[in-house]
Amino acid sequence: MALLIKTENLWKTYDMGEAVAVQALRGVNLEIPRNEYAAIMGPSGSGKSTLMNLIGCLDTPTDGRYWLNEQLVSEMDDDQLAFIRNKEIGFVFQTFNLLPRATALHNVELPLIYNGTPAAERRERAAEALAAVDMADRVNHRPNELSGGERQRVAIARALVNRPSLLLADEPTGNLDSQTSAEIMNFLERLHNQGNTILLVTHEHDIAAHAHRIIKIRDGQIESDERTR
Amino acid sequence: MWREPVTIALAALRSHKLRSFLTLFGIIISVFTLIGVMSIIEGLNAYIAEKVANFGTNVFYVTRYPIITNAKDWLEAQRRNPKMTVEDMEYLQERMTLAEYVGAQDWREKDVRAGKESIDDVGIRGTTPTMVHISTEKVAAGRYIAESDYERRAMVAFVGTEVTERLFPTVDPLGKTIYIDGLPFEIVGVAERVGSVLGQTQDNFVFIPLTTLNKIWGEGPAFDTGPWIGIKCSSPDVMAQAMDEARTLMRARRRQKYDDKDAFGLIASESLTNLWDQIFGGIAAVAVGVVSVFLVVGGIVIMNIMLASVTERTREIGIRKSLGARRRDILLQFLVEASVLSTVGGLVGVLAALGATALVVATTPVPMRTPLGAVILSLAVSTAVGLFFGIYPAQKAARLDPVIALRAE
């Protein structure tokens with residue numbers, strides 16, 4: 001099976017000045033094939049956020065190489081990374097990260113704006129994506145008019161609207177009650193069944209349990225990597 | 001791509017009306033001043049061309065002094081240029097081939113009385129009969145100063161409406177007697193109303209024959225200019241040639257050498273409007289300086305508010321970057337926002353200036369006219385100011401690290 005993610009000896013060092021350097025990642029080797037549903041777990045300070053930022057192409061490694069969908073993204077510049085984020089990655093954040101002044105529809109349209117999709121097609125695809133997360137009747141609501149679960153569903157619609165190869169969910173249920181969390185996790189399960197590759201970042205065991213593979217990070221290295229289903 | 005930042009900027013303006021007004025105050029004031037000054041200059045220019053410097057069509061004057069704007073030239077001209085005389089006029093009248101009419105006029109200021117009514121310091125103009133074709137005053141009733149009046153040095157007067165209205169408010173002034181400096185003159189004609197310039201009436205005059213003027217009051221002191229010689233050409237095409245002819249004749253009469261400066265002046269409407277243009281050019285330069293300072297201040301305020309906006313919206317920038325916005329997308333967004341802000345300021349300034357202009361025109365005699373160019377220029381300049389002062393905040397936004405930006409509160 002073709003690999004979606006392949007990292008080779010990833011290092012990330014933060015220079016804190018005064019000759020103090022923090023080694024957030026210390027040689028991470030990771031392979032994730034297509035249509036995987038994996039969770040990255042680890043306590044705070046373990047380096048899992050750093051790893052997520054690297055995988056999400058929000059940041060570049062200090063050393064090592066990273067291929068996403070057979071493209072060597074560790075060598076790319078800012079604008080190329082922006083292009084990869086737009087095309088290959090859908091983010092779902094703990095805090096939803098919707099634009100507060102924009103409607104649900106406009107929020108979902110954003111990735112399409114940045115790849116130059118014509119306005120009419122943009123609206124149509126954004127509306128479709130919202131319908132797919134059962135939000136068709138809420139397209140013109142602003143985030144503050146939506147519940148937490150609804151906001152996260154808008155965020156999922158936004159993450160998927162550009163048909164990315166990777167859905168990167170960073171603590172997607174961290175701000176939700178347990179019932180809504182279950183609902184969102186069901187959505188992710190369904191998306192996985194539809195063929196999406198999902199990488200879940202969490203520190204909660206019962207959330208990570210939804211994934212089919214659990215990768216544990218500690219002190220900037222992979223501590224364990226096991227298939228659970 | 002364009003619509004979004006425009007919408008955001010307009011929404012921000014709407015939701016913080018007072019803050020927006022304060023932010024844009026500098027731009028508003030700049031544009032207001034710019035358009036105000038340009039409107040006054042344009043209005044006065046048109047006004048002067050039409051009312052002050054309008055000698056009539058195809059007319060120029062030969063005078064003792066040309067238009068002089070500095071003291072040194074003035075002293076030289078006073079030494080060099082002899083006072084004009086009626087003989088100078090006759091000399092030109094006999095020899096000029098391109099002149100249709102040649103005339104002369106000279107001025108005194110005297111009190112005018114009729115019955116118990118009197119007016120102080122009326123402009124008394126001694127004129128040749130030909131001036132009816134040369135100067136702009138028209139006959140409304142009766143007649144102008146006639147050839148026979150001129151030859152006989154008759155005690156007759158052709159008067160402006162201000163004089164008739166004040167001295168003869170209820171009766172027909174024709175044939176009535178007025179006393180100029182105590183001497184009786186018969187009114188033979190009344191002029192058409194000229195109107196006022198900057199609130200000053202232009203109808204407070206009495207014309208009498210130039211010969212009569214010189215007979216009664218003499219030719220005036222040596223420092224006086226003497227009469228102005230008016231020359232009307234048959235068509236605008238020969239104006240330049242006619243002015244050359246007059247110059248050549250006058251130089252010959254003054255026995256001037258080839259490289260001497262003219263010992264007389266030639267003045268056409270154009271030379272007066274040019275003088276005004278010079279004066280207004282000075283005013284405009286000062287205004288441009290003041291406006292530039294305002295604009296810089298306005299621009300800095302916009303830069304400040306944009307920097308605050310970038311800080312306030314760091315997280316939004318992070319979100320946009322995570323969704324694939326490149327540096328130039330963010331840069332463009334904030335540049336468009338800054339220029340929309342400043343353009344709105346420019347628009348408000350334009351509207352305020354147009355309103356003020358309309359008010360001034362409606363309530364005062366100050367002539368104002370807003371040139372379209374001024375409106376276009378101010379809008380262009382205000383947009384440019386927003387663009388320029390938006391560059392730094394926009395670059396700051398564009399360079400934000402997405403990871404750090406996403407972490408912002």
Side-chain angles (χ1 to χ4, degrees), chain A residues 12 14 24 49-60 76-103 106-119 122 126 142-143 155 158-162 164 168 170, chain B residues 1-17 19-20 305-306 308-338 340-341 394-409:
Chain A
K12 183 69 186 180
Y14 291 106
S49 290
T50 305
L51 182 60
M52 192 216 76
N53 288 337
L54 290 183
I55 290 175
C57 298
L58 291 167
D59 208 350
T60 46
M76 289 181 175
D77 66 22
D78 271 12
D79 279 355
Q80 288 169 316
L81 288 176
F83 176 77
I84 292 289
R85 288 196 293 272
N86 182 271
K87 180 167 163 268
E88 305 281 2
I89 300 166
F91 287 98
V92 178
F93 298 97
Q94 176 177 2
T95 49
F96 322 128
N97 278 346
L98 299 175
L99 297 189
R101 283 189 291 260
T103 60
H106 186 79
N107 266 292
V108 177
E109 274 184 74
L110 281 172
L112 301 174
I113 288 176
Y114 290 121
N115 71 8
T117 308
R122 213 159 68 200
R142 285 171 211 284
R158 182 179 67 184
L160 293 173
V161 72
N162 222 2
L168 198 52
D170 182 14
Chain B
M1 203 75 261
W2 286 97
R3 203 182 307 157
E4 210 207 345
V6 172
T7 321
I8 289 175
L10 292 179
L13 281 173
R14 264 198 303 275
S15 55
H16 309 282
K17 286 194 184 68
R19 191 180 83 178
S20 309
I305 210 82
M306 289 308 294
S309 172
V310 170
T311 310
E312 224 171 70
R313 286 154 61 194
T314 300
R315 193 186 184 88
E316 173 192 325
I317 296 162
I319 295 170
R320 290 178 181 276
K321 286 200 156 195
S322 77
L323 299 176
R326 290 155 303 179
R327 283 185 176 197
R328 62 173 162 246
D329 295 320
I330 303 293
L331 190 77
L332 186 69
Q333 178 185 339
F334 281 88
L335 279 183
V336 168
E337 224 177 292
V340 166
L341 261 177
Q395 276 180 342
K396 213 178 154 195
R399 287 189 186 141
L400 279 175
D401 179 334
V403 174
I404 294 169
L406 274 171
R407 223 183 279 144
E409 279 312 306

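Because the structure is a prediction, the values reported are computed rather than measured. Letters go in sequence order (proteins before strands), and every chain restarts at 1.
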Determine the minimum heavy-atom distance between [X] and [Y], stating which atoms define it.
X       : Y       : value
R327(B) : D79(A)  : N-OD1, 3.4 Å
R85(A)  : K321(B) : NE-O, 2.8 Å
L58(A)  : P402(B) : O-CG, 3.5 Å
N97(A)  : L406(B) : ND2-CD2, 3.4 Å

> Taking only residues two or more places apart in sequence or in another chain, which ones pass salt bridge (charged side-chain N to carboxylate O under 4.0 Å, His left out) with D59(A)?
Replying inline: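 In terms of salt bridge (charged side-chain N to carboxylate O under 4.0 Å, His left out), with neighbours along the sequence ignored, D59(A) is linked to K12(A).
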What distance separates [X] [atom1] from [Y] [atom2], expressed to the nearest 0.5 Å?
X       : Y       : atom1 : atom2 : value
S322(B) : D170(A) : OG    : CG    : 11.0 Å
L112(A) : L323(B) : CG    : CG    : 10.0 Å
R326(B) : D77(A)  : CZ    : CG    : 11.5 Å

> If you count heavy-atom pairs under 4.5 Å between each of P164(A), A159(A), A82(A), P111(A) and chain B, which one has the most?
Replying inline: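 The answer is A82(A).
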> Who wins among I84(A), N53(A), N162(A) for the most heavy-atom pairs under 4.5 Å with chain B?
Replying inline: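 Looking at each option in turn, the highest pair count goes to N53(A).
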> Of the options L98(A), N107(A), L99(A), which is the one that meets I319(B) in a side-chain contact (heavy atoms from CB on, under 4.5 Å)?
Replying inline: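 Looking at L98(A), N107(A), L99(A), the match for I319(B) under the side-chain contact (heavy atoms from CB on, under 4.5 Å) is L99(A).
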>> Run the side chain to side chain contact (heavy atoms under 4.5 Å, CB included) test against A325(B) and tell me which residues pass, sequence neighbours left out.
In response: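 Once residues adjacent in sequence are excluded, the partners of A325(B) under the side chain to side chain contact (heavy atoms under 4.5 Å, CB included) criterion are Y114(A), R320(B), D329(B), I330(B).
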